[in-house]
Q: 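Take a look at the following structure, please.
Below, read A as the first sequence line, B as the second, and so on, with proteins coming before strands; counting in each chain starts at 1.
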Amino acid sequence: NAGVTQTPKFRILKIGQSMTLQCTQDMNHNYMYWYRQDPGMGLKLIYYSVGAGITDKGEVPNGYNVSRSTTEDFPLRLELAAPSQTSVYFCASSYGAPRTEAFFGQGTRLTVV
Amino acid sequence: TQLLEQSPQFLSIQEGENLTVYCNSSSVFSSLQWYRQEPGEGPVLLVTVVTGGEVKKLKRLTFQFGDARKDSSLHITAAQPGDTGLYLCAGGGLNTDKLIFGTGTRLQVFP
């Protein structure tokens, strides 16, 4: 009964370092999303995917990259980390179009120092 | 660019009071969802509305989708401390697969 699993839960990066945030879902959902959430704020869409091999930019894609080689996995890559990327990152998945329920992971808290 | 503005940003009330949270946009959405998020957790879906003018009730919570599908409201009757959390609206665009979230309303209900 895993749902959406994100790893790691916490990470501290130095400026200029790179890392990959992992996201996997076991619900056979086609749609997957990456969001970032700054303290006390709503969620900003970084990238999304409607199926394996298909990705597209969201509201705030700069500084990030994604890939979707399988239905289950949707990793988010940060290249050259900057303090502005300090945030909580959430991965979500849904069966179909945005009107279907989105299921979220527990989040990854990233600090760039 | 589709934006969803929520108001108020913060709401602090006593148990038993009623409240309304608003979600507004200049864009038309094919559907509107409301999520609730607790500290350290991801958002959890409360309701989805898809038809202009639609009203849905979930116990003490009443959700309405505007006639023009550009706005929505969440009304809570007789708020309880368990209602405390961050409330987020989210919209699916007409010709897009994006799910865009609103700016959020943080609700604190005191006993």
Q: Any chain of hydrophobic side-chain contacts (each under 4.5 Å) joining A/Val88 to A/Val4?
A: no
Q: A/Leu45 versus chain B, heavy atoms under 4.5 Å apart: side chain, backbone, both or neither?
A: side chain
Q: To the nearest 0.5 Å, tell me how far B/Leu3 CG sits from A/Glu59 CD.
A: 7.0 Å
Q: Check whether A/Ala102 gets within reach of chain B through its side chain, its backbone, both or neither, counting any heavy atom under 4.5 Å.
A: both
Q: Looking at every heavy atom in both A/Gly40 and B/Arg106, which two are closest together, and how far apart are they?
A: CA-NH2, 3.7 Å
Q: Are A/Tyr35 and A/Val60 connected in the hydrophobic side-chain network, where two residues link if heavy atoms are under 4.5 Å apart?
A: no
Q: Would you call A/Tyr48 and B/Asp97 a side-chain contact if the rule is heavy atoms closer than 4.5 Å?
A: yes
Q: Do A/Val50 and A/Tyr47 belong to the same hydrophobic cluster, where Ile, Leu, Val, Met, Phe, Trp and Tyr are linked whenever their side-chain heavy atoms lie under 4.5 Å apart, directly or via other members?
A: no
Q: Membership question, hydrophobic clusters at under 4.5 Å side-chain separation (ILVMFWY): are A/Phe90 and A/Tyr31 in the same one?
A: yes
Q: With rounding to the nearest 0.5 Å, note down the distance linking OH in A/Tyr33 to CD1 in B/Ile100.
A: 9.5 Å
Q: Mind checking what makes side-chain hydrogen bond (donor to acceptor under 3.5 Å, both in side chains) contact with A/Thr100, not counting sequence neighbours?
A: none
Q: What are the residues of residues 32-62 of chain B, in order of number, with any heavy atom under 4.5 angstrom from a heavy atom of chain A?
A: B/Gln33, B/Tyr35, B/Gln37, B/Gly40, B/Glu41, B/Gly42, B/Pro43, B/Leu45, B/Thr48, B/Val50
Q: Under a 4.5 Å side-chain heavy-atom rule over Ile, Leu, Val, Met, Phe, Trp and Tyr, are B/Phe65 and B/Tyr22 clustered together?
A: no
Q: Side chain, backbone, both or neither: which part of A/Phe103 has a heavy atom under 4.5 Å from chain B?
A: neither
Q: Can you find a heavy atom in the side chain of A/Met41 that is under 4.5 Å from one in the side chain of B/Gln9?
A: yes
Q: Identify which part of A/Gln37 has an atom lying under 4.5 Å from any heavy atom of chain B, answering side chain, backbone, both or neither.
A: side chain
